[in-house]
Amino acid sequence: QDAEVVRTRDPQRLAQCDVVVDVGGEYDPERHRYDHHQRSFTESMRSLRPDKPWSTKLSSAGLVYCHFGSQILAVLLGQPEDGPVVTALYDKLYENFVEEIDAIDNGIAQAEGEPRYALTTTLSARVGHLNPRWNDPDQDTEVG
C-alpha cells in the first residue's frame, strides 16, 4: 500500500525496483520481473498454469494476473485462494477481461480475415489515448 510507482526504462533505476512490469526485457517471477517483450517469450496461461485452458500469449498484465490474481481476489473476497468462489471468479475475469488485454497487447487478431467492425473503445485503446503522440515534442507521460 505504500509502494512508489516509477515510470522509467533506465536499467539502473529498474535494478533498484522491487517489482518491474512491462519494461526491462525479462520475465523472472523469482525476482518479480514481468515483461513479455522478448522474442523468446511464448508463455500463456496454460503454459504457466496447466489447469487453465487459455493459450493466448500473455502480456505483462496477464503475467501479473497469472501470478497474483488468485491471491488478490482471495484477500478482497475473504475467501480461500483455492476455493470455488475465487477459482470461478479468477477464470471469469481472465476469460472476459484480461485475455483481451493480452491479445491486443500482443497483436493477436480477434478473428481471422477482415473484421466486420472496428474496436475503438477497448481498455488498451483508452490507455493509449493518454500517451503522447509519437511526434509530439513533449513526450512527458507524467503531464496530465
Side-chain angles (χ1 to χ4, degrees), residues 1-134 136 139-142 144:
Q1 82 186 22
D2 297 323
E4 176 188 356
V5 176
V6 177
R7 289 182 55 130
T8 186
R9 285 189 164 81
D10 178 353
Q12 292 177 339
R13 296 263 337 255
L14 292 175
Q16 298 171 6
C17 295
D18 295 322
V19 178
V20 178
V21 177
D22 208 34
V23 293
E26 65 178 312
Y27 168 55
D28 183 357
E30 300 276 324
R31 295 180 43 244
H32 294 295
R33 300 308 192 244
Y34 303 98
D35 194 8
H36 68 113
H37 294 105
Q38 308 88 33
R39 287 180 193 250
S40 61
F41 184 86
T42 59
E43 301 293 356
S44 66
M45 188 65 79
R46 183 186 301 157
S47 71
L48 296 177
R49 294 190 60 176
D51 60 316
K52 303 300 180 191
W54 304 285
S55 60
T56 300
K57 180 181 169 185
L58 295 171
S59 67
S60 295
L63 283 170
V64 171
Y65 187 77
C66 180
H67 288 282
F68 299 104
S70 293
Q71 180 182 356
I72 292 168
L73 289 170
V75 169
L76 291 173
L77 297 170
Q79 296 281 324
E81 189 174 339
D82 59 352
V85 172
V86 170
T87 299
L89 187 55
Y90 178 91
D91 289 353
K92 285 297 181 186
L93 275 171
Y94 184 76
E95 185 172 41
N96 294 298
F97 184 67
V98 180
E99 186 176 27
E100 173 187 325
I101 296 168
D102 288 342
I104 290 171
D105 197 21
N106 283 302
I108 300 168
Q110 186 179 21
E112 291 185 26
E114 190 165 330
R116 289 185 249 180
Y117 58 90
L119 292 174
T120 60
T121 59
T122 64
L123 179 62
S124 296
R126 290 173 188 242
V127 170
H129 292 307
L130 298 173
N131 291 324
R133 291 193 175 112
W134 70 271
D136 191 334
Q139 290 292 315
D140 186 355
T141 57
E142 299 301 316

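In what follows, residues are counted from 1 in the order of the sequence shown.
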Nearest heavy-atom neighbours spanning Leu93 and Tyr65: CB-OH, 3.3 Å
Residues that Asp91 engages under salt bridge (Lys or Arg N to Asp or Glu O under 4.0 Å), provided they are two or more places apart: Lys52
Plane angle bin for Tyr34 and Tyr27 - parallel if under 30°, tilted between 30 and 60°, otherwise perpendicular: tilted
Arg13 side, atom CZ; Arg7 side, atom CZ - distance, nearest 0.5 Å: 12.5 Å
Over all atoms of both residues, closest heavy-atom pair of Gly24 and Leu14: CA-CD1, 3.9 Å
May I have the list of side-chain donor-acceptor pairs in residues 97-107 shorter than 3.5 Å, sequence neighbours left out?
residue, atom, partner, partner atom, Å
Glu99, OE2, Thr56, OG1, 2.6
Asp102, OD1, Ser59, N, 3.0
Asp102, OD1, Ser59, OG, 2.6
Asp102, OD1, Gly62, N, 3.1
Asp102, OD2, Tyr94, OH, 2.6
Asp105, OD2, His36, NE2, 3.0
Asn106, OD1, His36, ND1, 3.1
Asn106, ND2, Lys57, O, 3.0
Asn106, ND2, Leu58, O, 3.3
Asn106, ND2, Asp102, O, 3.0

Test side-chain contact (heavy atoms from CB on, under 4.5 Å) applied to His32 and Val21, step by step: CA-CA 8 Å; His32 294 295; Val21 177; over 6 Å; no
Which donor-acceptor pairs under 3.5 Å do the side chains of residues 68-85 make with protein atoms, sequence neighbours left out?
none

Heavy-atom pair of closest approach, residues Gly25 and Gln38: C-NE2, 3.0 Å
Pair Arg31 + Asp28, salt bridge at N-O below 4.0 Å: yes
